[in-house]
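Notes follow once the structure below has been shown.
A quick note: this is a predicted structure, and the numbers were derived from the prediction, not measured. Just so it is clear: chains get the letters A, B, ... in the order the sequence lines come, proteins before strands, and each one is counted from 1.
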2 protein chains.
Amino acid sequence: MVQKSKRPPVTKIDAPVPPKRRGRPRAYEPDVALGKALELFRKDGFAATSLDDLSAATGMNRPSLYGAFGDKRELFIKSYRRYRDDARAAMADVFRNELPIRKRLERIYAVALDIYLESGPRGCFTVMTAASEAVHDPDIRAMVLEGFGELDKAFAACFRLAKQKGELSGSADPTVLAQLASATIHTIAIRSRAQVPRKELEAIVNGAIDVMLRA
Amino acid sequence: MVQKSKRPPVTKIDAPVPPKRRGRPRAYEPDVALGKALELFRKDGFAATSLDDLSAATGMNRPSLYGAFGDKRELFIKSYRRYRDDARAAMADVFRNELPIRKRLERIYAVALDIYLESGPRGCFTVMTAASEAVHDPDIRAMVLEGFGELDKAFAACFRLAKQKGELSGSADPTVLAQLASATIHTIAIRSRAQVPRKELEAIVNGAIDVMLRA
DNA sequence: GGAATTTTTTGCGAAATGGTACAAAAAAGT
DNA sequence: ACTTTTTTGTACCATTTCGCAAAAAATTCC
């Protein structure tokens, strides 16, 4: 048998190929279910979200939930990972786009605010998780710290580039500025959760940008 | 009756006067019980702290707890109020002390870090509460917002004074700087909760102070 | 000493919680 | 048609949870 006979006819990277699974077909799409779970966890936090709530929101009954995602903690972690992937994707473009530093920062914060305020002020899931679960669960803590680190690094890269392009004074320290930029992310994440209106949050952001760029 | 006859014999403000209560004496001191409750809430958050936990920690059984502080939510609110009172008291001195601005900020952040890191990294209760309960409970949200507002105002007063004393450039905006100072509080509160070591938090603080004072 | 008052203690109960066992259902393979 | 495989749906379990009622204990007032 020189030639593989069952090769499928040149689907690109065969992503949406129905793979002819064997047993009863799933009644849900794991991705949208995970999205619903994330919504709930973001709204109420880990402890206040019951499996019944999750079951109702996803349309899956508890055994199915369990089979698909593991126990509550695993589901939380998978939801969190999903959040981070989404947030990272949303940020990626705007971070990549090498606009003048001021414009760049403005856009970054605008995207962040979109995330924090969408469908009710949900805040930043990383911050929420840090405040609650990260203390007790080492795995979750590691993810949270990774999130903070990534953000710091991304901001630092922005400031380094800006400095290199002469948009920043020579005495400016990209690392320090990055931490301040992250701090500004954190403060709007928290305040948004306490339902501070977007206008005020934007004012905070603009003030912070002014100070950072003048430094 | 010119002279009040039943005036008590000059106890200063009769604080530790046993008031001869009528029934069975309490087996606990409400203040220390509330302190224990606060400890628990700070460690685990509202939802993950059960009345049994609180009962065990305070030494009061559930009905006594209930009688003394009301239901779980009320107990949480009273614990939170206690936290705010304590934190405010701790900050009051250092905020009042009109040192040169840099020294003053350093001390403020040192006190904050003491609070956030005492007995395990507990973070800032206001930030924790904002992240979880403030979304759903208007009363709690009001307290949280009040907390943020107070902090912003206290920092603003610092910067106003500093500017007046010529320690700050004329272009510096005390309100904006105050929000950045609060943001720095928030970022170390969150990061401390994720167990970032004190050294790193102090580095963040020092960098932030540098930028704020150079602005 | 007895009544009044306040708190503690015990114990109940109804609901919710996380998790699981097991049969029925729905598909593919033979 | 029958078996295999996978998922669903129902029901259940043990535990925990919050809250409360009612009795017992400890104290002051008369």
Side-chain angles (χ1 to χ4, degrees), chain A residues 5-6 8 14 16-34 36-38 40-41 43-80 132-133 136-137 139-140, chain B residues 6 8 16-34 36-37 40-41 43-79 132-133 136-137 139-140:
Chain A
S5 49
K6 66 175 176 182
D14 64 349
V17 163
K20 286 258 184 187
R21 303 178 48 84
R22 192 78 146 53
R24 175 172 177 168
R26 284 187 179 134
Y28 57 90
E29 286 172 80
D31 277 357
V32 324
L34 195 59
K36 295 287 187 185
L38 169 57
L40 265 199
F41 278 132
K43 183 157 70 75
D44 298 331
F46 178 81
T49 303
S50 73
L51 285 188
D52 278 335
D53 296 336
L54 292 163
S55 179
T58 58
M60 305 163 64
N61 40 30
R62 276 205 307 282
S64 292
L65 257 184
Y66 204 83
F69 302 112
D71 68 8
K72 193 182 172 186
R73 177 174 167 276
E74 283 182 89
L75 176 52
F76 181 84
I77 291 181
K78 284 175 177 136
S79 300
Y80 181 32
S132 52
E133 309 314 313
H136 304 298
D137 191 310
D139 295 334
I140 295 178
Chain B
K6 65 176 175 180
V17 164
K20 285 258 186 188
R21 298 179 49 83
R22 193 73 147 61
R24 175 171 178 169
R26 287 189 176 132
Y28 58 90
E29 286 172 80
D31 276 358
V32 324
L34 196 58
K36 294 288 187 183
L40 265 200
F41 279 132
K43 183 155 72 70
D44 298 330
F46 177 80
T49 303
S50 73
L51 284 187
D52 279 334
D53 296 336
L54 292 163
S55 177
T58 58
M60 307 163 63
N61 39 31
R62 276 202 307 287
S64 293
L65 256 184
Y66 203 83
F69 302 112
D71 68 8
K72 194 181 171 186
R73 177 174 166 276
E74 283 182 89
L75 177 52
F76 181 83
I77 290 180
K78 282 174 177 139
S79 299
S132 51
E133 310 313 313
H136 304 296
D137 191 312
D139 295 334
I140 295 179

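- With hydrogens and angles ignored, the 3.5 Å screen pairs a side-chain donor or acceptor of A/Thr49 with a backbone N or O of A/Gly45.
- Near-neighbour residues of DNA chain C inside residues 43-62 of chain B, defined by a heavy atom below 4.0 Å, number-ordered: B/Asn61, B/Arg62.
- In summary, contact between chain A and DNA chain D, defined as any nucleotide atom under 4.0 Å from a heavy atom of the protein, begins and ends at D/dT4 to D/dC12 in the 5' to 3' direction.
- Checked against side-chain contact (heavy atoms from CB on, under 4.5 Å), A/Ser79 has the following partners two or more places apart in sequence or in another chain: A/Leu34, A/Ala37, A/Leu38, A/Phe41, A/Leu75.
- Here B/Asp71 pairs with nothing under the side-chain hydrogen bond (donor to acceptor under 3.5 Å, both in side chains) rule; sequence neighbours left out.
- Atom CG of residue B/Asp139 and atom CD of residue B/Glu133 lie 12.5 Å apart, to the nearest 0.5 angstrom.
- Legend: residues meeting salt bridge (charged side-chain N to carboxylate O under 4.0 Å, His left out) with B/Asp53, ordered by chain and number and at least two apart, are absent.
- Atom CZ of B/Phe69 sits about 7.5 Å away from atom OG1 of B/Thr58, to the nearest 0.5 Å.
- Heavy atoms of other residues, nucleotides or ligands lying less than 6.0 angstrom from NZ of B/Lys78 number more than 12.
- Sorted by first and then second residue, the ring-ring contact (aromatic ring centres under 6.0 Å, His included) pairs with a member in residues 43-63 of chain A read A/Phe46-A/Phe76; sequence neighbours excluded.
- Every side-chain contact (heavy atoms from CB on, under 4.5 Å) that A/Ala47 has, sequence neighbours left out, goes to B/Ala47, B/Ala48.
- The interatomic distance linking A/Arg22 (CZ) with C/dG29 (P) rounds to 6 Å, in whole Å.
- Contacts of residues 23-31 of chain B with DNA chain C (heavy atom under 4.0 Å): B/Gly23, B/Arg24, B/Arg26, B/Ala27, B/Tyr28.
- Under 4.0 angstrom from either OP1 or OP2 of C/dT20 there lies at least one side-chain N or O belonging to A/Tyr66.
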Hey, can you pull the donor-acceptor pairs under 3.5 Å for the side chains in residues 59-67 of chain B, sequence neighbours left out?
from: B/Asn61; atom 1: OD1; to: B/Ser64; atom 2: OG; distance (Å): 2.9
from: B/Arg62; atom 1: NH1; to: B/Asp52; atom 2: OD1; distance (Å): 2.4

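- Note: CG (A/Leu65) to P (C/dT17) measures 14 Å, nearest angstrom.
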